[in-house]
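Index from 1, following the sequence.
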Amino acid sequence: MFSIPRISESFIEGIAISLGWKRYLDIKEQIEGRANADFIAEGSIIELKILEEEGLEKAYRQDNLASLFCHLSKNATEVNIDFDSIPEEISHEAEKLIAKPIQKAVKKASKQIRCTREDMNLTQSKGILLIINNGYKYLTSDNFEYLVKKCALKDSSQIDFVYCVTVEYHQGEFDSFIFCITRCHFIGETKTWKYSDLIEKAIQSKFSESMSQMMKDQMNPEFWRSNLEPVSDIVFEREGVRYIRRAPHVPDSRS
């Protein structure tokens, strides 16, 4: 296994400063009782959110997901809970359940953007949610972006764009695949965010540099303390039924 860089707050902060963005707290004192976004750029208010936890490790979420599936698979001993395979009859409730950590992040970001817009009189600035998926490995990048967009459309009038970043690390017996996926989606009426191409290039470049550094210094304990875990099977049991989302198979190039 390799040590894979995690996209952290400091990772993004370095990129933000290189693009000329300003930290909110560097240009304005925090107002007691008011939330604030992370960065201010020309025409943009940007809030960073990073998901670190695997949403399906929560026992109550497993309980609720199992209860949705059990009515459809009464005699099954194993049930596939892959997001893209959820039956249509339960898809609405299942999506709501799975999206809870994302919805929480979207709602908080919306409040922070709204307060910043009001407190700094940035009425014409676009609200940007820059959201990183480090830990919710149940969701592929496509699944993650679908739910982020859906939550933003439903729960926020403050967010004009969502910029989603997912690092997918797939480890097989011999081969491994690492993808850093970055995509910008419009939520409001404006369809182009001026910084989307710039930040994509910056993230991809810095991620490549981080990968190169880690390959050179695999024995550095600092890397291993903050490394990104590979996508793995998600398995839990309820009342004798095994619920599973299998990690994508990584073919062995030697065979």
Would you say the side chain of [Y] lies within less than 4.5 Å of the side chain of [X], judging by non-hydrogen atoms?
| X | Y | value |
| --- | --- | --- |
| Phe207 | Phe11 | yes |
| Tyr163 | Ile131 | no |
| Ile199 | Ile15 | yes |

Between Tyr195 and Trp21, how do the two ring planes meet: parallel, tilted or perpendicular, split at 30° and 60°? perpendicular

Look at the rings of Tyr243 and Phe236 and say which category their plane angle falls in: under 30° parallel, 30 to 60° tilted, over 60° perpendicular. parallel

When you compare the side chains of [X] and [Y], does any donor N or O come within less than 3.5 Å of an acceptor on the partner?
| X | Y | value |
| --- | --- | --- |
| Ser156 | Ser110 | yes |
| Ser67 | Asn64 | no |
| Gln62 | Tyr60 | no |
| Tyr146 | Glu95 | yes |
| Asn36 | Gln112 | no |
| Thr166 | Asn133 | no |

Evaluate whether atom [atom1] of [X] has more than 12 neighbouring non-hydrogen atoms of other residues, nucleotides or ligands under 6.0 angstrom away.
| X | atom1 | value |
| --- | --- | --- |
| Lys111 | NZ | no |
| Glu52 | CD | yes |
| Gln204 | CD | yes |
| Glu9 | CD | no |

Separation of [Y] [atom2] from [X] [atom1] (nearest 0.5 Å):
| X | Y | atom1 | atom2 | answer |
| --- | --- | --- | --- | --- |
| Arg114 | Arg34 | CZ | CZ | 6.0 Å |
| Asp82 | Ile244 | CG | CD1 | 10.5 Å |
| Ser210 | Ile203 | OG | CD1 | 11.5 Å |
| Tyr138 | Asp233 | OH | CG | 13.0 Å |
| Ile27 | Phe39 | CD1 | CZ | 11.5 Å |
| Leu97 | His92 | CG | NE2 | 11.5 Å |

One thing to verify: whether [Y] and [X] come together as a salt bridge, which I'm taking to mean a side-chain N less than 4.0 angstrom from a carboxylate O.
| X | Y | result |
| --- | --- | --- |
| Glu78 | Arg245 | no |
| Glu229 | Lys137 | no |
| Asp160 | Arg117 | yes |
| Lys49 | Glu47 | yes |
| Asp142 | Arg183 | yes |

When every non-hydrogen atom of Ser141 is compared with those of Glu168, the smallest separation belongs to N-OE2, 2.8 Å

Minimal non-hydrogen separation, Phe144 against Ile132, with atom names: CZ-C, 4.3 Å

Would you say Glu53's side chain and Gly55's backbone share a donor-acceptor pair under 3.5 angstrom? no

Do any N or O atoms from the side chain of Ser44 and from the backbone of Ala41 form a donor-acceptor pair under 3.5 angstrom? no

Under the salt bridge (Lys or Arg N to Asp or Glu O under 4.0 Å) rule, what do Asp63 and Arg238 come out as? Steps first, then yes or no, please. CA-CA 7 Å; Asp63 292 341; Arg238 293 295 184 277; 2.4 Å; yes

